[in-house]
Every structure is written in C-alpha cells, then in structure tokens.
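As structure tokens, the structure follows; a few thoughts come after it.
Letters A, B, ... mirror the listed sequences (proteins, then strands); counts begin at 1.
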Amino acid sequence: MNPFHDAIRALVTSALGLPADTVVAIATPPNPAMGDYTVAMFPFAKALGAKPPELAQRVTAAFAAGGALSSVTAAGPFVNVRISRPAFFAHVLGLVGAGRDSWGGNADGAGKTVVIDYSSPNISKHLAYHHIRSTMIGHSLCRIYAANGWKTVGLNFLGDWGTTHGMLLAAWERWGAGIDLAEDGVAKLNALYVQFRAAMKEDATLEPLARTWFKRLEDGDAGARDLWERFRQVSLAEFEKVYSKLGVAFDAVRGESYYEGKMQPVIDDLAAKGLLVESEGARVVDLTDRKLPPCILVKSDGATIYATRDLASATDRWDSWHFDRALYVVDKGQTVHFKQWFAVAEKAGWPFAGRMVHVQFGQVLFGGRKTSTRAGGAVLLHEVLDEAAKEIEAVIAEKNPSMTADKRSEVARQVGYGAIVYADLSKLRSGDVEFDWERLLSFEGDTGPFCQYQHARIASVVRKAGADLSLADASLLGTEEEWRTALLVADFPQKVRDACAKDEPSIVATYALDLCRAFSSWYAQGSKDAALKVNCDDAPTANARLALASAVRQTLANALFLIGLAAPEEM
RNA sequence: GUCCCCGUAGCUCAGUUGGAUAGAGCACAGCUUUCCUAAAGCUGGGGUCGCAGGUUCGAAUCCUGCCGGGGAUACCA
C-alpha cells in the first residue's frame, strides 16, 4: 500500500529468509533522530532461534544502498530505517495530487453494502444536545465507509409509534384547539405531552384514553391518522433544520410505523421454528443458553415491543438492500437489547444473522448524571450550534475585520458548528461525555476551529502565491518540519482504513489534529527565518513548499469531510 | 447478585493493537508577531498510567482479584 513500507518488508523478510507475506510491524521510533520507521526483531527471534540484536545486524548487513531506503541501522534489537527523502516527497505529492478529493480512500468495500441506522429521534420531541452523538457518529461512519469503497445507506429510524403518541393525540383533543403548529410546533407538542403526563397522575381516565387514541391510530382511523401525520411532518421539518446545519442527509427515513404491518410474519416464522414460548403471559424467545434475559416479542396484553420492531425492520432492510453489514449507532445503555435480538436472528437462522453490529457510544452526562428529556430543561442541539456560531462570529469580526458581513456569517456557521461537532467526534466513542459549555465554546488548542484555521491558512497562502504547483520540484524539500509533515500526510490512507475497521470516527479527528500541529509548527518556522517561509523568496523552493502545503490542505479537507466539518478557504 | 463500559498530568483526552525516555490541549510561568493576522509557535514545571498479583526478553496495553464512577438487568424505547 506504500512502496516505502513494502521496501522495508522486503528487506526484512529476505534478509531473515522469511516468507514474503510474513507480518512485519512497521512503527515510528520514539525519537525522530533515530529514524523514520522502525521494526522490532523480537517477534522473529523464537522462530529463527537467534537473538534479536543479531537479527537486526543481519538485516543491516543485507541492506544495499539505492532505491527507496537511504539507510538502515541496528539499534540493539531494533532496525531503524531512513527512507530516501526526495523520492518520498515526490511520492506524497504525486499521490495527493492524483487523488484530490478521493485521496486517502480505497476500494476495500467494493461491491459491499452497509446500512447505517443513526440519529433516530422520537417525533414530537426536540433534538436535544445528546442527539449529536448518534447523529454525527453515524453521519461520519457513512462517509468513512463510502471512502473505503462501500455502498452506504444512511437510515433514520424515527420513533413515531406507540402509546406515547396516543397520549399526544389525546392531549391535542383536550387542549389543542387554537394551537398553531406552524411556528415552534415541536415545542408546543412537547409541552402538550409533558402536560398530559402530569395530568395522568391526577386523573385515572387519561391513560385508557391515550390507549384508545393509539388503538384508533393502529386501526387506521382517518382523524387520528391525519393528526399523527401532521405531528410527524412538523417534527421532521424541525429536525431537518438541524440536520441541514450539520450537513446530514439520510438515504431513507423509516419510522417504527413503517414496520407496523411487517411484524406478524416475523412472529409467525419464529413460532413455526418453535422458538416462541409462553412465559408469564408474554411470548418470548428463551436465551438462557446465551446468558441473556428472554427476548419479549409479544407482551402479555398482546401488543408488540421494540425488539419485534427491530427484527421486522432488519428483515425489511435485508429485503431492501441485502446488506453485508448493518450498523446501529445507539448508546451503550441498549447493549442488552441488541444482543438479545441479534441472538434471536441467529437462532432463527435468518440470512442476515451475524451481519448486525451495535456501534455503541457513551452517554452525555449533566453533572455526572444521565440526561432526562422528560424532566425538561434539556439543552437543545440547535441552541448549542447557534450559540457557537454567534460566539465565533465575534471572533472573526475582531481578527478579520475586512471580511464582508455575509461571508462572516457563513464562515461563523462553518466554524461554530465545527467546534461543536469536533468536540464530540474527537473522543473515542465508548466513553461518557460531560456536557460543558465552556469546553464546547473554546476555539483554541485541540479544537475543530484550530484545524479549520490551518486549512484556511494554507488555502490563503496558496491562493495569494498564485504559483503553478504542477512545476514543483520535490527535491527542494527537506527541512525537518517539512519531513515530519510529509510523513503524516502519507499516513492518511491507513487512518481511513483503521477508522472503518473500528467504526471509530475519532481516529480521523485525532489524525487531522496531528497533521495540523505538524503543519503549524512548520509554518511558524517562517517567522524565525524568512528563508524558511512556505512562500519564500526563492521561487523554485517556494513552489515545492506550496505544493506540499497544498497536499496538506487537500488531506485536511478530506479528513474534515469524513468527520462532517467544513473546510473554509478563509476565516 | 450477574453482566457491560470507564479509571493515564490539577482539568479534558491521545497512546501506532505487547516495544526504546508515557504524549497533546486547557490552566500556570516565560519568550516569539511583514506568508492568514498570536484562532498560532517555542521553552519550562507538572505522572507510583486506580490498587495488588500474574503471564515474558519487555505491560498503560493481555489474565485474575480488589477499589472507585457510570450503565444494564423480560413486558418503555
């Protein structure tokens, strides 16, 4: 995948007489002064019956100068390798230049389809801040899988069914007269829902009323159906406002209601296979052999439950797309639920069994506790996004007063939203995250705006220089800072693979930051010594440096795209 | 009770799948502004990698047991 890595592998395997396909772990030495890459000899010692330092000597002795590698030295049990810098610089510039927007991607997933279930909010409720996790991790995974050659289907699985929606219909009947849903519809619906739940505690007739309304909905009663459809549309329109801010678009929106008619065949099939047993009045699949609680599919009152809907929906997704993999980007609190119905699919021997993955993530905590949207007072996602854009707009006005108001507003949204998204995606999925306004609204250091700033900086320097980068002579590159930057650029394709293999967008986010730091360090050299500027006085050197900077910019733009951040040309 | 996740600098987090002296940012002390502008760079202090064992040439990383935090644990999603 990288001719320089290939050369190192070839050298090691041939020197030690190992098969050419032996796994050779190529790492970065702790100190750049030691070399560009390093290979530890320990893994080969046992098989070859020799001590690691001796093997390192053998590799060194077999090295012949010329080609991709410039020097090979033994440091005890390690073999440190320096690669030919002019060749490497030329290689990097060529790759990025040829790849452009697709640079970093691969075709590993060619012919394969992944269905990614993400965001999946409940209608008639706001998108709260914590929805950013599923929404952006899922969105980013769509792009990462696509960059790895997969066909992706992004799916929003709306919570639009169940007795809670009956409550809302009942509440509307009581108090809905005169309410205009055209403006802040979701807020009004949510208020009605909260009001109804509160009233239920006082008035025992309300819960049956809600059930009756839901029954009407299930039976296709036109009045109930129309009203529910209206609530659904109002909610979707409001979700869409937030999604468009984030650049999120789905390939399909299928709510729980969509699968309503598809559950009976699932139940029948499980019953026919003898998997469905009666237990405490409910119909369940026993999972004691998997050390799991039984999976309830039909409640004792005869109604279905979310496991039934998930099974029906998986079946439907299989019929629609014949996926090779289906990701469920859902918080880790639902781990048992997913294990249960994945197990049911396996027991039933369905063709898609084993292809589902629960991509779990940690929860957003407020003061160390899980959020409760029911308790009210939840922080809304659009509020956080708007606040960040507002704050950053003031910063831009101060730092870049010549920018027009329109442009400033556009860039403020890109960078403000970028700050919020980056703050979430830069962390490993698995950990819980504490909601912290101060940290979300910081634009310095390990942040999205820092990455975007480096991108804008490079774009501006290159734009103003107006040089013909196709004439760049890579042999004129060579400072330590340029070198470290180029090495990082070359790592990008592997990061795109790793992020996909682990379903982990933070790998790309962390990488983007590392690349920015390397570039920023390099760029700052120019303030100490004008000869070290990117756009220095010596035209051929400037051309080569601008070409490398341009490669960094392209890499950065591609990385930011994968995590859903805009890459502004100026800021 | 059982199961899952987490525990690394004062705070927020990385750590190349077991490798050489554990790294960033924030905060703190200081220094540096004619390329996009300091939204940055450089220097410095700051660590028993929760604790105790084990596995081996070698452990923040793997195994076991504790401690601490969060979550799940059949008719909500």
Side-chain angles (χ1 to χ4, degrees), chain A residues 25-31 34 38 40 42-43 45-46 51-52 75-78 80 120 122 159 161-164 256 279-284 287 291-301 303 305-307 309-310 330-337 339-340 360 362-363 365 368-370 392 395-396 398-401 415 423 426-428 430-434 436 438-439 442-447 449-450 452-454 456-465 491 494-495 498 502 506 510 513-514 517 520-528 530 533-536 542 546 549 570-571:
Chain A
I26 298 172
T28 306
N31 182 341
M34 296 172 177
T38 188
F42 303 106
K46 194 171 277 180
K51 290 196 157 71
F78 297 93
N80 292 331
S120 304
N122 294 324
W161 209 245
T163 44
T164 55
E256 295 174 308
S279 172
E280 296 175 27
R283 304 182 76 190
V284 309
L287 297 172
K291 292 178 184 161
L292 287 168
C295 185
I296 296 181
L297 294 172
V298 183
K299 299 194 284 183
S300 45
D301 68 359
I305 192 170
Y306 61 123
R309 275 189 280 279
D310 271 325
V330 179
D331 77 80
K332 65 187 183 187
Q334 296 192 37
T335 303
V336 173
H337 166 243
K339 281 186 180 166
Q340 285 178 302
Q360 55 183 282
Q363 286 154 339
L365 304 176
R369 293 273 157 195
K370 191 182 163 183
I392 206 79
V395 176
I396 297 171
E398 180 201 329
K399 309 248 181 199
N400 194 355
V415 179
S426 59
K427 292 174 178 147
L428 288 165
S430 52
D432 290 340
V433 294
E434 184 70 31
D436 181 349
E438 197 179 334
R439 197 156 282 126
S442 75
F443 309 125
E444 295 169 16
D446 284 353
T447 64
F450 170 69
Q452 293 170 311
Y453 176 62
Q454 300 312 324
R457 174 181 252 182
I458 299 170
S460 293
V461 172
V462 171
R463 185 186 336 113
K464 288 180 179 175
D491 284 345
Q494 189 57 44
K495 299 292 180 183
D498 291 347
K502 293 170 140 180
S506 73
T510 306
L513 188 70
D514 286 341
R517 269 204 286 261
S520 192
S521 248
W522 167 30
Y523 185 86
Q525 295 293 309
S527 354
K528 284 194 292 193
K533 281 183 179 177
V534 172
N535 190 19
C536 60
L546 287 163
E570 56 182 316
M571 63 188 268

**Asked** Counting side-chain heavy atoms from CB outward, which of rA20(B), rG19(B), rA77(B) is closest to I305(A)?
**Response** rA77(B)
**Message:** On the nucleotide rG41(B), are OP1 or OP2 found under 4.0 Å from the side-chain N or O atoms that S520(A) carries?
**Reply:** yes
**Prompt:** For the side chain of N122(A), counting heavy atoms from C-beta on, which of rG41(B), rA77(B), rA72(B) is nearest?
**Reply:** rA77(B)
**Prompt:** L287(A) CG to rC3(B) C1': how many Å, rounded?
**Reply:** 15 Å
**Prompt:** Rounded to whole angstrom units, what separation is found between the CZ atom of R517(A) and the P atom of rC42(B)?
**Reply:** 10 Å
Sub-3.5 Å pairs of nitrogen or oxygen atoms, protein against nucleotides 54-59 of chain B:
none

**Pi stacking test for F78(A) and rG19(B): under 5.5 Å apart, planes under 30°** = no
**Request:** Select base, sugar-phosphate, or nothing to describe what G159(A) touches, counting heavy atoms under 4.0 Å on all strands.
**Result:** nothing
**Item:** Nearest-Å distance for atom pair CZ/P, residues F443(A) and rC36(B)
**Value:** 24 Å
**Request:** Starting at atom CD of E444(A), determine the distance to atom C1' of rG41(B), rounded to an integer number of angstrom.
**Result:** 13 Å
**Message:** What's T38(A) touching, base or sugar-phosphate or nothing? Going by heavy atoms closer than 4.0 Å.
**Reply:** base
**Fill in**
In whole angstroms, the gap separating P of rC3(B) from CD of Q360(A) amounts to 17 Å
**Fill in**
side-chain contact (heavy atoms from CB on, under 4.5 Å) filter on S442(A), not counting sequence neighbours, yields T447(A)
**Message:** Tell me the interatomic distance from N535(A), atom CG, to rU34(B), atom C1', rounded to whole angstroms.
**Reply:** 13 Å
**Request:** Could you tell me whether Q525(A) contacts a base, only the sugar-phosphate backbone, or nothing, with contacts defined as non-hydrogen atoms closer than 4.0 Å?
**Result:** nothing
Could you list, one pair per line, each protein nitrogen or oxygen that sits under 3.5 Å from a nitrogen or oxygen of nucleotides 12-15 of chain B, together with the distance?
| residue | atom | partner | partner atom | Å |
| --- | --- | --- | --- | --- |
| rU12(B) | O4' | R439(A) | NH2 | 3.4 |
| rA14(B) | OP1 | L428(A) | N | 2.8 |

**Request:** Tell me which nucleotide among rC42(B), rC36(B), rU37(B) gets nearest to the side chain of S521(A).
**Result:** rC42(B)
**Request:** Could you check whether D491(A) gets within reach of a base, just the sugar-phosphate, or nothing at all, counting any heavy atom under 4.0 Å?
**Result:** nothing
**Phosphate-side-chain proximity, R457(A) and rA38(B), N/O vs OP1/OP2 below 4.0 Å** = yes
**Message:** Under 5.5 Å centre to centre and under 30° between planes: does that hold for Y453(A) and the six-membered base ring of rC36(B)?
**Reply:** no
**Request:** Could you work out which one of rC35(B), rG41(B), rA77(B) sits closest to the side chain of Y523(A)?
**Result:** rC35(B)
